[in-house]
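Report on the following structure.
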Amino acid sequence: NTLLDGKPMYRHVLDHLTALAAEGLCDVTLVSRPGLLTDCPVKVTENPDAAEGIASSIRVGLSALPRDDSPVAFFVADQPRLKKESIRAFLLAVTSCGIPRAGYCGKQGNPVRFDRKYEPELMSLHGDVGGKAVIRLHPRDIEIFELSDGRELEDIDHPLREDAIP
């Protein structure tokens with residue numbers, strides 16, 4: 001767990017999501033390697049197949065959710081500059097497209113929200129292949145939610161790059 005400003009990097013976004021969940025804006029399910037997170041304020045679903053890659057985390061997370069028509073948003077742990085108000089606005093954004101995603105000045109990134117109609121495609125992913133594979137199949141279904149600061153998109157482990165987006 002890389003520390004940033006005195007706390008594990010994943011806690012920055014998680015703390016924002018937890019606060020928004022307490023306001024009733026969203027439900028949070030965190031997918032983690034077994035035994036990694038023991039002091040988490042939200043539901044943690046362990047992924048015994050985490051070594052397979054991000055696709056297994058997507059499948060485990062989706063399987064842990066209630067069966068309803070609510071869209072599903074994916075956030076990554078290494079975007080600690082993503083602001084709580086940006087997350088709130090992203091989650092509340094009304095859109096007619098099926099895949100709203102964050103962006104800044106032409107760059108696209110996380111978070112990404114998927115309508116449930118994409119769930120079978122997300123569940124069929126394998127290996128270190130994330131939601132970007134589904135996004136590529138549906139370019140007309142994407143709408144960019146423009147962030148006010150490009151630093152919010154930065155992946156701390158990997159500077160903003162298109163292939164780092166799950």
Side-chain angles (χ1 to χ4, degrees), residues 1-66 70-93 95 99-114 122 125 127-132 135 143-166:
N1 287 330
T2 303
L3 292 180
L4 182 68
D5 298 331
K7 65 180 174 180
M9 191 175 339
Y10 76 91
R11 286 304 296 246
H12 293 265
V13 171
L14 180 60
D15 288 348
H16 295 329
L17 289 168
T18 302
L20 294 170
E23 295 173 19
L25 182 62
C26 61
D27 292 318
V28 179
T29 298
L30 181 77
V31 178
S32 174
R33 294 178 187 275
L36 185 64
L37 302 176
T38 56
D39 67 337
C40 200
V42 298
K43 175 183 176 182
V44 176
T45 300
E46 292 189 341
N47 179 6
D49 300 319
E52 175 194 327
I54 193 163
S56 66
S57 293
I58 290 170
R59 290 192 311 271
V60 167
L62 287 171
S63 295
L65 299 176
S70 301
V72 178
F74 291 94
F75 293 81
V76 294
D78 49 7
Q79 279 183 264
R81 293 185 183 108
L82 187 59
K83 298 172 191 166
K84 178 181 171 187
E85 288 313 310
S86 295
I87 295 171
R88 178 193 310 280
F90 175 77
L91 293 173
L92 290 173
T95 178
I99 309 174
R101 68 183 309 193
Y104 181 78
C105 292
K107 300 282 186 185
Q108 297 179 25
N110 289 303
V112 178
R113 198 168 71 203
F114 290 92
L122 291 164
L125 298 172
D128 205 22
V129 176
K132 190 172 181 181
I135 291 167
E143 182 176 318
I144 304 304
F145 176 84
E146 194 74 17
L147 297 171
S148 61
D149 184 346
R151 292 176 295 177
E152 291 185 84
L153 282 180
E154 290 178 356
D155 178 320
I156 296 297
D157 292 338
H158 307 283
L160 183 63
R161 45 170 229 226
E162 189 66 16
D163 64 340
I165 299 166

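Source: prediction; values computed, not measured.
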Report summary line: Across all chains, not counting sequence neighbours, the side chain to side chain donor-acceptor pair (under 3.5 Å) partners of S70 are D68
Requested in this report: Output all residues satisfying side chain to side chain contact (heavy atoms under 4.5 Å, CB included) with A50, sequence neighbours left out; order by chain, then residue number.
Outcome: R33, N47
Requested in this report: First locate atom CD of Q108, then atom CG of L153, and finally report the distance between them rounded to the nearest 0.5 Å.
Outcome: 9.5 Å
Query raised in the report: Within a strict 4.5 Å, meaning less than it, do heavy atoms of the F145 and R101 side chains meet?
Result: no
**Report entry** CG on L91 to CG on L17, rounded to 0.5 Å
**Finding:** 7.0 Å
Query raised in the report: Of all residues at least two apart in sequence or in a different chain, which pass the side chain to side chain contact (heavy atoms under 4.5 Å, CB included) check with K83?
Result: S86, S148, D149, E152
Listed pairs under 3.5 Å, donor-acceptor, residues 21-29 side chains, sequence neighbours left out:
residue	atom	partner	partner atom	Å
E23	OE1	R88	NH1	2.6
E23	OE1	R88	NH2	3.3
E23	OE2	R88	NH2	3.3

Query raised in the report: From L14 CG over to T18 OG1, what is the distance, rounded to the nearest 0.5 angstrom?
Result: 4.0 Å
Query raised in the report: Who pairs with R59 by side chain to side chain contact (heavy atoms under 4.5 Å, CB included), at least two apart in sequence or on another chain?
Result: E52, A55, S56, M123, H126
Query - ring-ring contact (aromatic ring centres under 6.0 Å, His included) against F75, all qualifying residues, sequence neighbours excluded - result: none
Query raised in the report: Which pair of non-hydrogen atoms, one from L147 and one from A102, has the smallest distance, and what is that distance?
Result: CD1-CB, 4.0 Å
Query raised in the report: Roughly how far, to the nearest 0.5 Å, is the CG atom of D155 from the CD atom of Q79?
Result: 6.5 Å
Query raised in the report: Going from CG on L65 to OG1 on T45, what distance comes out if it is rounded to the nearest 0.5 angstrom?
Result: 8.0 Å
Query - F74 and L122: CA distance, side-chain angles, deciding distance, side chain to side chain contact (heavy atoms under 4.5 Å, CB included) verdict - result: CA-CA 12 Å; F74 291 94; L122 291 164; 4.2 Å; yes
Report summary line: Scanning both residues in full, the closest heavy-atom pair of A64 with K43 reads O-NZ, 3.1 Å
Report summary line: Closest non-hydrogen contact found for V112 with N110 is CG2-OD1, 3.5 Å
Query raised in the report: Taking only residues two or more places apart in sequence, or in another chain, which ones meet H16 in a side chain to side chain contact (heavy atoms under 4.5 Å, CB included)?
Result: K84, I87
Query raised in the report: Just how far is it from atom NE2 of H12 to atom CG of D78, taken to the nearest 0.5 Å?
Result: 11.5 Å
Report task. List in chain and number order the residues that pass side chain to side chain donor-acceptor pair (under 3.5 Å) with T95, two or more places apart in sequence or in another chain; answer none if no residue qualifies. Result -> E143
Report task. Provide the closest heavy-atom pair for A73 versus F90 in the form atom of the first, atom of the second, distance. Result -> CB-CE2, 4.3 Å
Query raised in the report: Is V60 close to E46 at the side-chain level, that is, under 4.5 Å between some pair of heavy atoms?
Result: no
